[in-house]
Amino acid sequence: YLNKLKFSNLLNIARSNKVFLAFVTTIILSLSYLSIPHIYNKAEIQKELKNQLLEKFSVNFIFSKNFYYKFYPRPHFVIQDLSIIDKQKKISDIKKLKVHVSLNNLFPQKNIIVKDVIIENSNFNFNQNNYNFFLNLLDKNFLEGSFKIKNSNIFYRNIDEEVLFINKILNMNYYYDSKELKNIIYSENELFNIPFSLKSYKDKEKIHSKINLKFLKLQIENQFNYTNGIKKGSTDFTYNKNKSKATYELNKNFFIFNFF
């Protein structure tokens, strides 16, 4: 009886050790896999990420040497103190960029796939030549990733580089809506210390946008046709359940506005 008891105890200990060993082995292998990007050549992985960002979003990031990899909470690369170039001119200074990559493709290096992008603490400088930067992003592919901007500012300048106004971006998110089957931008902002939210999307002919100013109990919905030579649009205003409407037409030579 004692021999049987000892043998049974040994079996239980062996089984427990196997489970523990399997658990430890799984943890070690998982951490080893997640750590693989640490050994990649920094210049080569930077080039790969830059090319993918340019191809996927048409955004030309200029990386700095302050570049590192982290696998928690998701595998991502962090780049600090970088900029964006558009039409051979710098339009943004960025404190931090996070580039999340696919968990399934960390090895080999050429298989790494960019998923989500997060820009933090940036300053954008726009004028009449590049003001459509954010609208153009709506034409990109967000089926397998998103593009976010947090705690940033937009400085809109005139031709003399004087600041006309500053729009503060609290949280901006580009994503693909699987129910509506389209790309959407949703942004929470402040302009002249007035908070507002913006939701916008594009179809083949029009840009649709909705601005919500809860503080003023005002909602503005706009449709703008951007395909023809003469640009046409309509705007619906809702203030405290009171509604009004405006239409407008514009080109290089004239601007017509009707309010009713």
Side-chain angles (χ1 to χ4, degrees), residues 57 91-92 118-119 122-143 146-159 162-260:
F57 303 115
I91 64 168
S92 179
I118 303 175
I119 293 175
S122 61
N123 289 320
F124 290 88
N125 287 283
F126 292 147
N127 54 36
Q128 62 182 5
N129 297 320
N130 58 14
Y131 68 91
N132 58 351
F133 174 84
F134 288 129
L135 280 175
N136 290 339
L137 274 173
L138 279 172
D139 297 325
K140 307 310 172 185
N141 183 6
F142 297 104
L143 273 170
S146 62
F147 192 100
K148 299 179 181 180
I149 302 174
K150 298 181 178 181
N151 300 320
S152 299
N153 298 295
I154 299 173
F155 295 84
Y156 192 84
R157 302 175 183 271
N158 60 20
I159 56 174
E162 297 172 331
V163 177
L164 300 178
F165 62 84
I166 302 172
N167 182 90
K168 185 175 182 180
I169 302 172
L170 304 176
N171 191 9
M172 179 183 287
N173 185 20
Y174 290 84
Y175 63 96
Y176 181 77
D177 191 309
S178 58
K179 293 182 180 179
E180 299 186 26
L181 302 178
K182 57 193 173 191
N183 288 335
I184 290 176
I185 174 178
Y186 177 79
S187 182
E188 296 174 349
N189 315 268
E190 283 185 6
L191 182 63
F192 304 119
N193 293 322
I194 298 175
F196 70 95
S197 64
L198 167 68
K199 183 179 181 180
S200 184
Y201 65 91
K202 295 170 71 172
D203 56 29
K204 293 182 178 180
E205 297 182 348
K206 295 180 180 180
I207 300 171
H208 304 259
S209 58
K210 179 187 289 187
I211 298 174
N212 194 352
L213 298 96
K214 291 184 179 180
F215 177 72
L216 299 176
K217 298 181 181 180
L218 175 64
Q219 184 173 286
I220 304 169
E221 294 188 54
N222 186 72
Q223 296 183 17
F224 178 67
N225 189 319
Y226 60 92
T227 57
N228 301 321
I230 299 177
K231 311 299 182 184
K232 297 181 179 181
S234 63
T235 305
D236 295 296
F237 300 90
T238 304
Y239 175 71
N240 253 354
K241 298 182 180 180
N242 297 315
K243 296 184 177 182
S244 54
K245 188 180 184 69
T247 60
Y248 54 91
E249 297 183 15
L250 70 153
N251 66 10
K252 294 181 179 180
N253 301 315
F254 68 85
F255 176 74
I256 299 174
F257 182 83
N258 296 302
F259 185 83
F260 51 89

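Heavy-atom basis, side chains included; hydrogens, waters and symmetry copies ignored.
Atoms CG and CZ, from Asn130 and Phe124 in turn, are 11.0 Å apart once rounded to the nearest 0.5 Å. For the atom pair Asn153 CG and Ile149 CD1, the distance stands at 11.5 Å (nearest 0.5 Å). From Thr238, atom OG1 reaches atom NZ of Lys243 across 5.0 Å, with rounding to the nearest 0.5 Å. Rounded to the nearest 0.5 Å, atoms CG (Asn222) and CG (Leu198) are 10.5 Å apart. Atom CG of Leu137 is separated from atom CE of Met172 by 9.0 Å, given to the nearest 0.5 angstrom. For the atom pair CG (Leu218) and CG (Asn242), the distance works out to 11.0 Å, reported to the nearest 0.5 Å.
Every pair passing ring pair (Phe, Tyr, Trp, His ring centres under 6.0 Å) that includes a residue from residues 193-222 is listed here, sequence neighbours excluded: Tyr201-His208. Counting only residues at least two apart or in different chains, salt bridge (charged side-chain N to carboxylate O under 4.0 Å, His left out) contacts with residues 202-214 comprise Asp139-Lys202. Applying the side chain to side chain donor-acceptor pair (under 3.5 Å) test to residues at least two apart or on different chains, the pairs with a partner in residues 181-195 are Asn167-Asn189, Glu180-Lys182, Ser187-Asn189. For residues 164-174, the set of pairs meeting the salt bridge (charged side-chain N to carboxylate O under 4.0 Å, His left out) definition, not counting sequence neighbours, is empty.
Judged as a salt bridge (Lys or Arg N to Asp or Glu O under 4.0 Å), and not counting sequence neighbours, the contacts of Asp236 are Lys245. The ring-ring contact (aromatic ring centres under 6.0 Å, His included) check on Phe133 picks up Phe126, with sequence neighbours excluded.
Between the side chains of Ser200 and Ser209, not a single donor N or O lies within less than 3.5 Å of an accepting N or O.
At a threshold of 4.5 Å between non-hydrogen side-chain atoms, the residues Asn125 and Arg157 count as touching. Between Asn123 and Phe155 the shortest side-chain heavy-atom distance falls below 4.5 Å. Annotation: side chain of Leu138 is in contact with side chain of Ile185 (closest heavy-atom distance under 4.5 Å). Residues Leu135 and Ile207 are in side-chain contact: their nearest non-hydrogen atoms beyond the backbone lie under 4.5 Å apart. Using a 4.5 Å cut-off on side-chain heavy atoms (C-beta onward), Glu221 and Thr235 make no contact.
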Working for side-chain contact (heavy atoms from CB on, under 4.5 Å), residues Ile154 and Phe134: CA-CA 11 Å; Ile154 299 173; Phe134 288 129; 3.2 Å; yes
When you look at Thr247 and Phe260, which way does the side-chain contact (heavy atoms from CB on, under 4.5 Å) test go after all the steps? CA-CA 9 Å; Thr247 60; Phe260 51 89; 4.3 Å; yes
Stepwise, does the side-chain contact (heavy atoms from CB on, under 4.5 Å) test hold for Ser244 with Phe259? CA-CA 8 Å; Ser244 54; Phe259 185 83; 3.5 Å; yes
Could you go step by step and tell me if Tyr176 and Leu181 meet the side-chain contact (heavy atoms from CB on, under 4.5 Å) rule? CA-CA 7 Å; Tyr176 181 77; Leu181 302 178; 3.4 Å; yes
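Taking a 6.0 Å sphere around NZ of Lys140, one finds it holds more than 12 heavy atoms contributed by other residues, nucleotides or ligands.
Aromatic rings of Tyr175 and Phe142 (six-membered ring for Trp) have centroids beyond the 6.0 Å cut-off, not under it. For Phe57 and Phe147, the ring centers are positioned less than 6.0 Å apart.
At least one donor-acceptor pair under 3.5 Å links the side chain of Asn158 to the backbone N or O of Glu162.
Residue Val163 comes nearest to Ile166 through the heavy atom pair CG1-CG1, 3.8 Å, listed as atom of the first residue, atom of the second, then distance.
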